[in-house]
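Note sheet for the following structure.
All heavy atoms count here, side chains included; hydrogens, waters and symmetry mates do not.
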Amino acid sequence: MANQMRARLMGVAALAAAVVLWSSFALTVRGISSSSLTPIDVAFLRFATPVVILAPWLPRTVRALRGERVGVLLMLGIGGLPHFLLSELGGHLTSAAFIGLLIPGTVPLFVTVILYLRWRERISSRRLIALAAITTGIAATAMQTTSTATTAGIGILLTAGCAWAIYTIGLRQTRLGLTGVVLVVCTPAAITAALLAASAAMPSHLMTGTADLSDVVLFTGLQGIGTGLLSALCYAYAVRALGSTLAATAGAISPVLTALLAIPLFGEPITPGVSAALALIVTGVTVFNIAPRRRDNGPKRVLPAGRARARTRSTTNGMPPTSAASTSKVS
């Protein structure tokens, strides 16, 4: 009994850490414009750091790629540099609260639509209600904007949410383990970011040597280690200790925490419109995660006997889980 209680307390601590780290993604992305780094600089630090830390697992991941489908790898790759740059651009045009709200908040909607269009996966009535709440929250967000730039930013953030939904479905189908997923996402993203910076295709203060060391250390810690690595590990531990439903539902806390922290950090007030959107989308995400799935017509994979004993855990590669589809095997 004491061991179970200790495990649950550690699970709660891990989940709390994951929620804070998810919020740090939105906050640090919003803070790029006020730092001495450019978006591509932060992208490089974000993706190169996990690759360096997990370098001993690279050979095993390369061997595992032989059994993975190209389409799944492309879906996972969308969750790397494309998602990051879309998030940064959308956040630059809007606010930290919008990043934390719209990207994870809309993933259940996009995942459900994609699964229905591709595999005709049916939706339970409670999940339909949850998706209606999310859609209403998105509409409430859009209605409170008067700036063309902000409206464009909302559209870009919705595109980032769609990109994360595609990545989420890729997680559902991949044969790779947790470290393999992180390396498959981060390695090409880091290489591409380095090439874009070195070729001057995108401006880079790291390449010109004008970036402040303090900013480099800060973003390496928060984005590279925190978002890129620790959040996935903390969430995986929380799922094992507390169960997937509780852990996934706790992801709805992240947008609220982001909005609250944005007040002292960026002077972004929580307006009545933002409050209404928060309430609708957070409620929708919560109901969506606890509602039963009526039927799963998605692709099913039969594992070889030697691998069928492996446990499954959830991994989000740095973003809050928002769907039961976000699972991948850890070998």
Give, for atom CD1 of I263 and atom CD1 of I270, the distance between the pair rounded to the nearest 0.5 Å. 4.0 Å
Indicate yes or no for a side-chain donor-acceptor contact from T28 to the backbone of F25 under 3.5 Å, with no hydrogens or angles considered. yes
Applying side-chain contact (heavy atoms from CB on, under 4.5 Å) to I32 and F219, what does each step give before you reach the verdict? CA-CA 9 Å; I32 291 175; F219 280 92; 3.9 Å; yes
Indicate yes or no: at least one non-hydrogen side-chain atom of L278 is less than 4.5 angstrom from one of P255. yes
Taking C-beta and beyond as the side chain, do V42 and F84 meet within less than 4.5 Å on heavy atoms? yes
For G67, is there any backbone N or O sitting under 3.5 Å from a side-chain donor or acceptor partner on R175? yes
Using a 4.5 Å cut-off on heavy atoms from C-beta on, say whether the side chain of L115 contacts that of R120. no
How far apart are the C-alpha atoms of V29 and Q223, what are their side-chain angles, what is the distance that settles it, and do they pass the side-chain contact (heavy atoms from CB on, under 4.5 Å) test? CA-CA 9 Å; V29 164; Q223 280 281 348; 3.6 Å; yes
Quick one: are L196 and F44 in side-chain contact, heavy atoms under 4.5 Å? no
If you look at every heavy atom in C186 and F47, which pair is closest and at what distance? CB-O, 3.4 Å
Do W119 and I169 make a side-chain contact, defined as non-hydrogen atoms from C-beta onward lying under 4.5 Å apart? yes
Heavy-atom pair with the smallest gap, counting every atom of V287 and R126: CG1-O, 3.8 Å
Nearest 0.5 Å, please: how far is CD1 in I281 from CG in L101? 3.5 Å
Report yes or no: does R69 contribute a side-chain atom to a donor-acceptor pair with the main-chain N or O of Q173 at less than 3.5 Å? yes
Let me check something: do I156 and V107 share a hydrophobic cluster, defined by ILVMFWY side-chain heavy atoms less than 4.5 Å apart, either directly or through other members? no
My understanding is that only residues two or more places apart in sequence, or in another chain, count here; which of them pass side-chain contact (heavy atoms from CB on, under 4.5 Å) with L73? L65, E68, L176, V184
Group every Ile, Leu, Val, Met, Phe, Trp and Tyr by side-chain heavy-atom contacts under 4.5 Å, then state whether L109 and L86 land in the same group. no
May I ask you to check whether S23 and T258 show a side-chain donor-acceptor distance below 3.5 Å? yes
Could you note down all residue pairs passing side-chain hydrogen bond (donor to acceptor under 3.5 Å, both in side chains) where residues 92-104 supplies at least one of them, sequence neighbours left out? none
Using only atom types and a distance under 3.5 Å, with no angle test, would you say the side chain of T174 pairs donor to acceptor with the backbone of L171? no
Just so I know, are the side chains of I191 and L195 near enough to count as touching, which here means a heavy-atom distance under 4.5 Å? yes
Which distance, rounded to the nearest 0.5 Å, do you find between the CG of L131 and the OG1 of T135? 6.5 Å
Does the side chain of L93 come within less than 4.5 Å of T150's, by heavy atoms? no
Measure from the side-chain N and O atoms of T145 to the backbone N and O of A142, and report whether any donor-acceptor pair falls under 3.5 Å. yes
Test item: I40 and L206 side chains (from C-beta on) under 4.5 Å apart, heavy atoms: no
Answer with yes or no whether the side chains of T208 and T210 bring together a donor and an acceptor at under 3.5 Å. yes
Kindly state whether the ring of Y167 and the ring of W164 have centres lying under 6.0 angstrom apart. yes
Sidechain N-carboxylate O distance under 4.0 Å for R127, E121: no
Look only at the side chain of T283 and the backbone of L280, and say whether a donor-acceptor pair between them is shorter than 3.5 Å. no
Is it the case that S204 and T38 place a side-chain donor and acceptor less than 3.5 Å from each other? no
Is the shortest distance from a Lys or Arg side-chain nitrogen in E268 or R30 to a carboxylate oxygen in the other one below 4.0 Å? yes
After noting the C-alpha distance and the side-chain angles of L222 and L218, does the key distance pass the side-chain contact (heavy atoms from CB on, under 4.5 Å) rule? CA-CA 6 Å; L222 292 178; L218 176 65; 3.5 Å; yes
Looking at every heavy atom in both L81 and A43, which two are closest together, and how far apart are they? CD1-CB, 3.6 Å
Heavy-atom pair of closest approach, residues S24 and T227: OG-OG1, 3.6 Å
For the CG atom of L158 and the OG1 atom of T141, what is their distance to the nearest 0.5 Å? 8.5 Å
Using the rule that two of Ile, Leu, Val, Met, Phe, Trp, Tyr join whenever any of their side-chain heavy atoms come within less than 4.5 Å, decide whether L54 and L21 are in one cluster. yes
Pair V274, F98 - check side-chain contact (heavy atoms from CB on, under 4.5 Å), show working. CA-CA 8 Å; V274 171; F98 280 16; 3.9 Å; yes
Quick check on the hydrophobic clustering: are V20 and L242 connected, directly or via other members, by side-chain heavy-atom contacts under 4.5 Å? yes
Separation between CG of L15 and CZ of R8, rounded to the nearest 0.5 Å: 11.0 Å
Under 4.5 Å between side-chain heavy atoms, counting indirect links through other Ile/Leu/Val/Met/Phe/Trp/Tyr residues: same cluster for V185 and L74 or not? no
side-chain contact (heavy atoms from CB on, under 4.5 Å) against S36, all qualifying residues, sequence neighbours excluded: A211, D212, D215
Rounding to 0.5 Å, atoms CD1 (I53) and CD1 (I225) come to a distance of 4.5 Å
